[in-house]
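Nothing here was measured: the structure is a model prediction, and the numbers come from that model. Atoms considered below: every heavy atom in the structure, side chains included; atoms not considered: hydrogens, waters and symmetry mates.
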Amino acid sequence: MGKTIKFPREGRKKAAAAEPPTPPRYPPVYDERSICELPALNAELWDYLGEISLPRRGACRYCGQVREGLSENLYLRSDLDEAATCMCGCAEARAYVSRKRGEEERVIRRKSALELAEDTVDMLFGEDAPGRGALPMNADVRRYILDAAMLVYDGRMRSANITVIPGVKVKITKSTKDVLYIERSDSASWKEEVNG
């Protein structure tokens, strides 16, 4: 037969004292006379919900290891799992973090390259061009040159040679160290016919 375990009376009192508080009644039952009690009941309900601490647990998406005590700013399960994956030490999670970090760095480098390319195109073809002895180009032409430069930077094109107007050419190339080169060449030659 089974054994019967008896708890001492003091233990029962301690167990009863450790029980969580009972939640307020929801939805509240009311009639027209008790409608003024609703704000107080709602305030009591929100106070009760504020006392509940949600578990901050997430699981690694590769090995399933559970991490606790994650950031208080994360609420969605996907965010908690993402944080747990980034903290996990398994090989797949480390590779994922490395890929993610590399992608973030690539985005930052591309943004920096875009800003530098825009400054260079404005310097070579914008309002500063006449100071260098060259004709300025309008904003649409500069935008097309910048778009071509970013296509070369992203590796979608090996290089670009653009004839803007007769006598003005642009050559865009990229080195193996991800350095983008934008070169403007002006060749002015005039030919006149003299009948004599």
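Residues that satisfy the side chain to side chain donor-acceptor pair (under 3.5 Å) test with R106, not counting sequence neighbours, are E103. Applying the salt bridge (Lys or Arg N to Asp or Glu O under 4.0 Å) rule to R57 yields the partners E68; only residues at least two apart in sequence or on another chain are considered. Under the side-chain contact (heavy atoms from CB on, under 4.5 Å) criterion, A95 pairs with R99, sequence neighbours left out. D81 pairs by the side chain to side chain donor-acceptor pair (under 3.5 Å) definition with nothing, not counting sequence neighbours. Residues meeting the salt bridge (Lys or Arg N to Asp or Glu O under 4.0 Å) test with R94, sequence neighbours left out: none. The salt bridge (Lys or Arg N to Asp or Glu O under 4.0 Å) test applied to D178 returns K174, not counting sequence neighbours. Remark: A93 engages C60, Y62, T85, C88, C90 in a side-chain contact (heavy atoms from CB on, under 4.5 Å) (not counting sequence neighbours). In terms of the side-chain contact (heavy atoms from CB on, under 4.5 Å) criterion, I108 has no residue partners (sequence neighbours excluded). Partners of R61 under the side chain to side chain donor-acceptor pair (under 3.5 Å) rule, at least two apart in sequence or in another chain, are E82. Considering only residues two or more places apart in sequence or on other chains, R67 meets the salt bridge (Lys or Arg N to Asp or Glu O under 4.0 Å) condition with none of them.
To the nearest 0.5 Å, atom OG1 of residue T120 and atom OH of residue Y181 are 12.0 Å apart. Rounding to the nearest 0.5 Å places CG of L124 at 11.0 Å from OG of S185.
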Using the side-chain contact (heavy atoms from CB on, under 4.5 Å) rule, take V170 and V164 through it: C-alpha gap first, then chi angles, then the decisive distance, then the call.
-> CA-CA 7 Å; V170 182; V164 180; 3.7 Å; yes
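Residues V168 and T163 fail the side-chain proximity criterion, which asks for heavy atoms closer than 4.5 Å. The side-chain heavy atoms of T173 and V152, taken from C-beta on, include no pair separated by under 4.5 Å. Two residues are said to be in side-chain contact when any heavy atoms from C-beta on lie closer than 4.5 Å; L135 and I165 meet this criterion. Taking the side chain as every heavy atom from C-beta outward, L180 and I172 approach each other to under 4.5 Å. In this structure, the side chains of R101 and Y96 stay at 4.5 Å or more apart for every pair of heavy atoms.
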Could you pull out all donor-acceptor pairs under 3.5 Å where a side-chain atom in residues 139-149 meets a protein atom, sequence neighbours excluded?
residue	atom	partner	partner atom	Å
R142	NE	D122	OD1	3.3
R142	NH1	M137	O	2.8

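Residue pairs meeting the salt bridge (Lys or Arg N to Asp or Glu O under 4.0 Å) criterion with at least one partner in residues 153-172, sequence neighbours excluded, are R110-D154.
Using a 4.0 Å cut-off between a side-chain N of Lys or Arg and a carboxylate O of Asp or Glu, R77 and D79 do not qualify as a salt bridge.
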